[in-house]
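Presented below is the structure to which this report refers.
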Amino acid sequence: MKLPFSYYQNPDVLFLAKDLLGKVLFTEIDGEITAAIIVETEAYFGIHDKASHAYGGKRTERTEIMYAQGGISYVYLCYGIHHLFNVVTSIENEPHAVLVRAVEPLIGQEIMELRRNMPSTKSAISSGPGSAAKALGINRSFNKKELTGEEIWLEDHNIRYNPDDIIASPRVGVAYAQEDALLPWRFFIKGNKYVSKPNKVE
DNA sequence: AATGAGATCGTCT
DNA sequence: GACGATCTCATTG
């Protein structure tokens with residue numbers, strides 16, 4: 001059930017960003033399990049991607065984890081408020097990553113409702129990278145965790161989408177990346193209500 | 001429905 | 001000292 005470490009070693013981050021759609025992201029915190037289906041992702045293409053924190057081969061204390069081999073989490077604080085969860089992918093020294101931008105609550109919805117202070121029927125409960133992470137209880141302490149561990153992991157529940165229902169569009173909030181901001185490296189499930197607002201076209 | 005501003009802090013220059 | 005891979009709420013731009 002749990003996705004094996006080898007799954008994340010795939011060097012094709014664009015493939016993985018699409019393939020992660022439909023996979024189920026679990027967290028266990030103080031014995032409380034929550035899980036949600038990934039319905040929106042973005043690929044960050046290592047050192048050649050102006051939108052990536054690792055652009056140009058930049059290595060800092062924060063970005064170092066992106067250079068690890070795939071199968072580790074990269075969680076960082078954005079705008080001083082939100083924790084954004086990424087899946088580090090590919091081989092060592094190839095700092096590819098996939099940002100999880102939206103999830104559909106599956107297990108432990110009552111717990112997510114408490115964390116987000118809203119009913120799980122509202123799409124805003126886990127729409128957008130900051131909200132999705134918060135619904136699953138992901139904060140900075142989840143940085144650099146093995147995704148095959150006991151605190152955070154992914155499972156394949158055999159949820160499959162029709163290729164026609166997977167939409168590719170430009171990534172959100174990366175205007176500073178100039179021409180790379182136009183690359184269609186955001187992937188989401190057509191019609192899924194938890195997909196985040198920007199450019200939500202069908 | 002759309003727009004705008006404020007919140008808030010770790011990281012890097 | 002400046003700046004975000006954002007979200008929410010208030011206003012009506």
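Every chain is numbered from 1, with letters handed out A, B, ... down the list of sequences.
Atoms CZ (A:R62) and P (C:dG4) sit 11 Å apart, rounded to a whole Å. A:H83 places its NE2 atom 13 Å from the P atom of C:dC7, with the value rounded to the nearest Å. In this structure, A:Y76 places its OH atom 12 Å from C1' of B:dG10, rounding to the nearest Å. Straight-line distance from the CD atom of A:E61 to the P atom of B:dT13: 13 Å, rounded to whole Å. Distance A:K197 NZ to C:dT8 P: 10 Å, rounded to the nearest Å. Put simply, OH on A:Y74 is 11 Å from C1' on B:dG10, counting in whole angstrom units. What separates NE2 of A:H82 from C1' of B:dA7 is a distance of 9 Å, to the nearest Å. A:Q178 has its CD atom 14 Å from the P atom of C:dA5, to the nearest Å.
In terms of phosphate contacts, A:Y176 brings a side-chain nitrogen or oxygen within less than 4.0 Å of OP1 or OP2 of C:dA5. An OP1 or OP2 oxygen of C:dA5 is reached within less than 4.0 angstrom by a side-chain nitrogen or oxygen of A:H53.
Among the protein residues, A:S127 comes within range of the sugar-phosphate backbone only, with heavy atoms under 4.0 Å from sugar or phosphate atoms but none that close to a base. In this structure, A:R116 reaches the sugar-phosphate backbone alone: every heavy-atom distance under 4.0 Å involves primed, P, OP1 or OP2 atoms, never a base. Here A:L77 lies in heavy-atom contact (under 4.0 Å) with sugar-phosphate atoms only.
In this pair, A:H157 and A:F26 present their aromatic rings tilted. The plane angle is within the 30 to 60° band.
Using a cut-off of 4.0 Å between Lys/Arg side-chain N and Asp/Glu carboxylate O, A:R186 and A:E40 are scored as salt-bridged. Ion pairing between a basic and an acidic side chain is recognised when a charged N comes within 4.0 Å of a carboxylate O; A:E104 and A:K193 show no such pairing.
Across C:dC7, C:dG4, B:dT13, the shortest atom-to-atom separation from the side chain of A:K58 is found for B:dT13. Side-chain proximity of A:M66 to C:dT8, B:dT11, C:dA5: nearest is C:dA5.
Judged by Watson-Crick or G-U wobble contacts below 3.5 Å, the nucleotide B:dT3 has C:dA10 as its partner.
Exactly one of A:Y44, A:F15, A:F45 qualifies for a ring-ring contact (aromatic ring centres under 6.0 Å, His included) with A:H96. That residue is A:F45.
Annotation: A:F5 is not in aromatic contact with A:Y7 [ring centroid separation under 6.0 Å not met].
Residue A:I81 is the one, among A:I81 and A:R140, whose nearest nucleotide of DNA chain B lies closer to the 5' end (criterion: closest heavy atom). Ranked by how close their nearest DNA chain C nucleotide is to the 5' end, A:A124 and A:V174 are led by A:V174.
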